Participant: 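Pasting a structure here, questions to come.
What you see is a predicted model; the values in this text were computed from it and never measured.
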Amino acid sequence: MISIQRLNARGANKNGDAVVDYLMATEYYTNGQGQAEENTRWGGRLAQDADLALDGQPVSKEAMLALARGYAPSGMALCKNAGEMPREVVKVGRDGKPKLDKRGKPLTKLEGGHRVGFDLTFSAPKPFSVAFAIAEGKERDAILDAHRRAVAVAMDYLEDKVETRRGRMGKEVIATQGLIYMQADHLASRNQDANLHTHTLVFGVAKGADGKWGTFDAQELYRHRMAADALYKNELAMNMRELGYGIT
């Protein structure tokens, strides 16, 4: 299943979890040759763009923080509100008066600032995660690769759907040249249950078909989420069948 969480200008989701900080804490996978490898990588067609030049490069904290703020690793601004931080404002009720908490203090919220992006999490079905957890050596590597390839198919689909806006009030809708994102494979849940999943942090910038950088309209991510989820599951089933697993 694919879940989508908006990340605010401080990199947190609606629950207040600091997703960017969480994903920057690199995890490692011990492959079939007994070697430890990082579970993070850059993705999206824009990773190959000359302005970013991230394709094939290791994921670094510095590059992630730059993109999270709307800048290229070189420091070039990629959108109008790059680097803009949110401001804290008091929540107001319908009566125009400040909303108060149980202690009588005004409730506040964050407004404005550059949105870091969106966390798309691809969670494998439970039987798949169990198969991965009990597998060893090259078989385990092959199962992880089956999952990664299925995620790639779904992300390619979503990347083709995302649009950006131009002109006054953003009335002109145009296609994008792609997205830039980083991926982190997590091999289990935080409770150490069998739960193979991949976080795909889509940064809130994109290059339009006109060659100009800016932000993108995220509604297409939500509109096509179920279709992308079906693609992921079908691709995963096909990959597992090729490895000799039965599918019911």
Participant: Hey, mind stepping through Gln183 and Thr200 against side chain to side chain donor-acceptor pair (under 3.5 Å) and telling me if it holds?
Facilitator: CA-CA 5 Å; Gln183 292 183 308; Thr200 299; 3.1 Å; yes
Participant: Supply the atom-to-atom distance Ile174 CD1 to Lys212 NZ, rounded to the nearest 0.5 angstrom.
Facilitator: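 Those atoms lie 8.5 Å apart.
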Participant: For residues Met1 and Ile247: do they belong to one hydrophobic cluster (side chain heavy atoms under 4.5 Å, members Ile, Leu, Val, Met, Phe, Trp, Tyr)?
Facilitator: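 No, separate clusters.
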Participant: When hydrophobic residues are tied together by side-chain contacts of less than 4.5 Å, even through go-betweens, does Tyr222 share a cluster with Tyr157?
Facilitator: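 Yes: a chain of side-chain contacts under 4.5 Å links Tyr222 to Tyr157.
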Participant: With the threshold set at 4.0 Å, does a side-chain nitrogen-carboxylate oxygen contact exist between Glu159 and Arg45?
Facilitator: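 Yes, Glu159 and Arg45 are salt-bridged.
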Participant: Taking 4.0 angstrom as the limit, do Asp229 and Arg225 come out as a salt bridge?
Facilitator: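 No salt bridge links Asp229 with Arg225.
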Participant: Please check if the side chain of Glu84 supplies one atom and the backbone of Gly113 the other of a donor-acceptor pair under 3.5 Å.
Facilitator: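 Such a contact is found between Glu84 side chain and Gly113 backbone.
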Participant: Between Trp42 and Phe203, how do the two ring planes meet: parallel, tilted or perpendicular, split at 30° and 60°?
Facilitator: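 Correct class here is tilted.
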Participant: Any heavy-atom pair between the side chains of Leu65 and Tyr71 that's under 4.5 Å?
Facilitator: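 When only atoms from C-beta onward are counted, Leu65 and Tyr71 do not touch, as no gap falls below 4.5 Å.
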Participant: Using a strict threshold of under 4.0 Å (side-chain N to carboxylate O), is an ion pair present between Arg41 and Asp185?
Facilitator: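 Result for this pair is yes, salt bridge flagged.
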Participant: So for atom CD, which belongs to Glu136, do other residues, nucleotides or ligands contribute more than 12 heavy atoms lying within a distance under 6.0 Å?
Facilitator: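 No, CD of Glu136 has 12 or fewer neighbouring heavy atoms, counting only those of other groups under 6.0 Å.
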Participant: Taking only residues at least two apart or on different chains, which pairs with a member in residues 51-66 satisfy side-chain hydrogen bond (donor to acceptor under 3.5 Å, both in side chains)?
Facilitator: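 Output for this query lists Asp51-Lys207, Asp51-Trp213.
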Participant: Flag the pair Ile180 / Leu52 as yes when at least one side-chain heavy-atom distance between them is below 4.5 Å, and no otherwise.
Facilitator: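 Touching, per the 4.5 Å side-chain cut-off.
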Participant: If you round to the nearest 0.5 Å, how far is CG of Leu187 from CG of Leu196?
Facilitator: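 The CG atom of Leu187 is 6.5 Å from CG of Leu196, to the nearest 0.5 Å.
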Participant: Indicate yes or no: at least one non-hydrogen side-chain atom of Val173 is less than 4.5 angstrom from one of Thr164.
Facilitator: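 They are not in side-chain contact.
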Participant: To the nearest 0.5 Å, what is the distance between CD1 (Ile143) and CG (Asp145)?
Facilitator: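 It is 11.0 Å, given to the nearest 0.5 Å.
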Participant: Please tell me whether Leu243 and Val130 are part of a single hydrophobic cluster in this structure, the criterion being side-chain heavy atoms less than 4.5 Å apart.
Facilitator: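 Leu243 and Val130: separate clusters.
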Participant: Taking side chain to side chain contact (heavy atoms under 4.5 Å, CB included) as the definition, give me every residue that meets it alongside Glu235, ordered by chain and number, with sequence neighbours left out.
Facilitator: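 Scan of Glu235 (side chain to side chain contact (heavy atoms under 4.5 Å, CB included), adjacent residues dropped) gives Ala150, Val153, Met238, Asn239.
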Participant: Students often mix this up, so state it plainly: with edges at 30° and 60°, are the rings of Tyr232 and His147 parallel, tilted or perpendicular?
Facilitator: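 Perpendicular: the ring planes of Tyr232 and His147 meet at over 60°.
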Participant: Say whether, by atom type as modelled, one donor and one acceptor occur between the side chain of Asp17 and the main chain of Asn13 under 3.5 angstrom.
Facilitator: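 Such a contact is absent between Asp17 side chain and Asn13 backbone.
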Participant: Do other residues, nucleotides or ligands put more than 12 heavy atoms under 6.0 Å from Lys126 NZ?
Facilitator: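 More than 12 heavy atoms, drawn from other residues, nucleotides or ligands, come within 6.0 Å of this atom.
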Participant: I need the Ile2 CD1 to Met155 CE distance, nearest 0.5 Å.
Facilitator: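 Spacing of CD1 (Ile2) from CE (Met155) equals 8.5 Å.
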Participant: Side chains of His199 and Met182: does their closest heavy-atom pair fall under 4.5 Å?
Facilitator: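 In short, these two side chains do not touch, never coming nearer than 4.5 Å.
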Participant: Got a second to check how far Asp119's CG is from Tyr22's OH, nearest 0.5 Å?
Facilitator: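 These two atoms lie 9.5 Å from each other.
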Participant: Could you tell me which non-hydrogen atom of Ala154 sits nearest to which non-hydrogen atom of Ala228, and how far apart they are?
Facilitator: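 Heavy-atom minimum between the residues: CB-O, 3.5 Å.
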Participant: Answer with yes or no after comparing the ring centroid distance for Phe122 and His186 against a 6.0 Å cut-off, counting only values under it.
Facilitator: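 No, the ring of Phe122 stays outside the 6.0 Å limit from the ring of His186, centre to centre.
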Participant: Are Met76 and Leu67 in one and the same hydrophobic cluster, where Ile, Leu, Val, Met, Phe, Trp and Tyr link if side-chain heavy atoms are under 4.5 Å apart?
Facilitator: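 The answer is yes; both residues are in one hydrophobic cluster.
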Participant: Return the OG1 to CD distance between Thr40 and Glu37, rounded to the nearest 0.5 Å.
Facilitator: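 The distance works out to 10.5 Å.
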Participant: Keeping the roles fixed (side chain from Arg6, backbone from Phe118), state whether a donor-acceptor pair exists under 3.5 Å.
Facilitator: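 No, Arg6 side chain to Phe118 backbone: no donor-acceptor pair under 3.5 Å.
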Participant: Could you check if a side-chain atom of Phe216 sits within less than 4.5 angstrom of a side-chain atom of Val162, using non-hydrogen atoms only?
Facilitator: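 Touching, per the 4.5 Å side-chain cut-off.
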Participant: Taking Ser3's backbone N and O only, do any of them form a donor-acceptor pair with Thr121's side chain (distance below 3.5 Å, no angle check)?
Facilitator: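 Pair absent, no side-chain N/O of Thr121 close to backbone of Ser3.
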